[in-house]
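Source: prediction; values computed, not measured.
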Amino acid sequence: MKKRIRVLLAAVLLTACSGQAPENTGAQQSGEHDGKGTQLRRLTEQNSSGFYDLEIDPASHYQTLCYTDFAAATKTVVCNLPDCAHDTPDCNGKYLLSTAYDQIYATDDYVLVVETQNFGSTDPPSYPRIVVSDPDGGNRRELYGSPETPVFGEGSIYFGGAFFTDGNDLFFVQCEIHETGEYHPGATVDENGKTVGEPIIKTAWTLIRMDLKTGEIRRELPLFDMNELDETESYSVFGCSEDKLVFAHRTWKLDDQQGSMWDAINFIAVSVGDGTKETLLSSRNNGDNQTVSGVEDFIRLSTMAFENAKSVVGYKRDQSVWLINPVSKQSERLLSPTDLGARDIGIYSETKTHFIITAYADTGERYYALNKATREFSELSMAWFYTETLDSRPILPIYETETEFFVISSTYRATVNTLGTGGVPIQVHQDQFAYAMIAKEDYFKNLPNYRFVQNGPGVTNIS
């Protein structure tokens, strides 16, 4: 069973489908859709009053969209159908169970669920798509996707892992797989003359700009071609700055003795208006002589986004941690391992007022809260015991309001109805997470004064 523990990062959608998916024409409208003056904002699964998540329905091949309301400390199924028991596919909150983690993005007006492919069912058909609904699950419809899209191989697509909005339009990256006709070393030819082996593929990254209300494609802007040839490379969406998306481009080089080792990290800003690209920062690995272009004395960069993607984390030779503005190249020291009596440190996550720091020492890991304004730090000592792995886990913020954090407070043993061999219903015992709200003041003082989240009908807490 898949389990997800969500992490609060810096900055860091729904199916009774009706109508045809919009045709991808590649056409661009001029004027108000040229990207000039656009102010982008990264979407997450959180809106102003709570957050959405997908739970596994262990008794079927479906998952359930749920909403946690921070103020009420309740978790309910996102369904506006009267008298719905939330236990059949007709429920507005049911989605096909995917082989990969589906993504959820929310505003106060919409919920977007980005589906990949379904798990064990082709009825309804399986294909990548974006589904939208009202916040209560009503008016649910397919916004983007086509059942003609292959699930695997040539022409298959996936989405690039982050969605943005300017308040009216949706911006996202679509990645399309193409086979080059070449194969990796080790390929053979069978008796029928057919090549047997792993094909070398190319991934085309394209920025899609779409009207959030109608699904109309405003623009398709080619971004990158990612090749599997001489070296391995990857792109990830780092964040946004005004009318630009910022990508982290990472490459690896192959070494006969050491295997695959990282070669470079490049932060590339792309204008959503005309596609203009600018490399903001680059980090190169030259063995012992690791360098970062544009800023002195740094040896490597992190690809995690902080402070609403305005900061890149950089490390110096003494392992001190710094924040670097990728545009201005200004840097600011946070702290070093010696400040915490550790051999190494890193930024685990952040809240509005604090960075959560992981300190690694011979005695194990410790966690600290570093105040962004004062640079004072305090140890975070609260923990919960995970019986599945028989170890303690730190209690860390997952979401936040102005006054409280949403956290995992403990686990509990539950009896779950699921499907056994041959689809026979069985009962199993399983650990599940208990979630709670805690006042920020209590959290930083390590005082476990929780408001426990209460589950409504149909909520399983399995994710």
Side-chain angles (χ1 to χ4, degrees), residues 5 7-11 238-239 248 250 258 261-265 267 280-326 328-384 391-398 400 405 407 440-447:
I5 304 177
V7 178
L8 174 69
L9 295 178
F238 178 77
R250 191 166 209 160
Q258 301 184 51
M261 55 189 297
W262 76 273
D263 177 48
I265 302 174
F267 289 91
L280 303 176
L281 285 175
S282 292
S283 177
R284 297 285 302 184
N285 180 16
N286 303 314
D288 293 333
N289 185 28
Q290 299 175 2
T291 58
V292 176
S293 65
V295 287
E296 295 182 355
D297 301 326
F298 286 90
I299 62 171
R300 60 188 172 95
L301 301 173
S302 166
T303 55
M304 293 179 68
F306 292 97
E307 298 189 323
N308 293 322
K310 295 178 181 178
S311 298
V312 176
V313 175
Y315 296 85
K316 292 196 173 184
R317 293 195 180 280
D318 62 358
Q319 297 303 313
S320 58
V321 179
W322 295 62
L323 293 179
I324 306 171
N325 184 305
S328 69
K329 309 298 189 295
Q330 296 295 312
S331 59
E332 179 183 6
R333 182 186 183 277
L334 286 182
L335 76 172
S336 69
T338 55
D339 296 331
L340 301 176
R343 66 171 183 273
D344 195 12
I345 57 174
I347 302 180
Y348 179 82
S349 62
E350 71 170 346
T351 71
K352 294 177 181 177
T353 58
H354 289 74
F355 289 109
I356 306 300
I357 306 295
T358 309
Y360 304 93
D362 294 337
T363 55
E365 296 179 5
R366 300 191 307 274
Y367 290 83
Y368 294 86
L370 177 67
N371 189 297
K372 292 180 179 180
T374 66
R375 292 297 189 259
E376 296 176 342
F377 56 84
S378 58
E379 187 168 359
L380 301 173
S381 60
M382 291 190 297
W384 55 276
D391 64 349
S392 293
R393 306 285 180 90
I395 292 178
L396 300 173
I398 303 175
E400 68 176 313
F405 290 131
V407 299
K440 292 181 177 181
E441 182 179 3
D442 288 340
Y443 178 81
F444 291 121
K445 292 180 179 179
N446 297 306
L447 299 175

Mind checking side-chain hydrogen bond (donor to acceptor under 3.5 Å, both in side chains) for [X] and listing every partner two or more places apart, or none if nothing turns up?
X    : value
Q319 : R300
S302 : none
K440 : E400
R333 : S336, D339

Checklist entry - Going from CZ on F444 to CG on N371, what distance comes out if it is rounded to the nearest 0.5 angstrom? => result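 Rounded to the nearest 0.5 Å, the CZ-CG separation comes to 8.0 Å.
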Next on the checklist: Quick check for you: to the nearest 0.5 Å, what is the distance between L370 atom CG and H354 atom NE2?
Outcome noted: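 Taking CG in L370 and NE2 in H354, the distance rounds to 7.5 Å.
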Compare every heavy atom of [Y] with every heavy atom of [X], then report the nearest pair and how far apart it is.
X    : Y    : answer
L281 : P326 : CD1-CA, 3.8 Å
Y368 : A359 : CE1-CB, 3.9 Å
G314 : F298 : C-CD2, 3.8 Å
Y360 : A342 : O-CB, 3.3 Å
G346 : Y315 : CA-OH, 3.8 Å
I345 : P337 : CD1-N, 3.7 Å

Flag the pair [X] / [Y] as yes when at least one side-chain heavy-atom distance between them is below 4.5 Å, and no otherwise.
X    : Y    : answer
F377 : I357 : no
F355 : V321 : no
L380 : Y443 : yes
V407 : L396 : no
V312 : F238 : yes

Next on the checklist: E379: which residues meet the salt bridge (charged side-chain N to carboxylate O under 4.0 Å, His left out) condition with it, sequence neighbours left out?
Outcome noted: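 E379 satisfies salt bridge (charged side-chain N to carboxylate O under 4.0 Å, His left out) with no residue once adjacent residues are dropped.
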Kindly write out the residues that satisfy side chain to side chain contact (heavy atoms under 4.5 Å, CB included) with [X], not counting sequence neighbours, or none if the list is empty.
X    : result
S381 : N446
D442 : I438, A439, L447, N449
D318 : K316, S320
A383 : S392

Next on the checklist: With salt bridge (Lys or Arg N to Asp or Glu O under 4.0 Å) as the rule and sequence neighbours excluded, what pairs involving residues 359-370 come up?
Outcome noted: R343-D362
Checklist entry - Within the side chain of K372, is there an N or O that forms a donor-acceptor pair under 3.5 Å with the backbone of T351? => result yes
Next on the checklist: According to ring-ring contact (aromatic ring centres under 6.0 Å, His included), who are the partners of Y367, at least two apart in sequence or on a separate chain?
Outcome noted: Y348
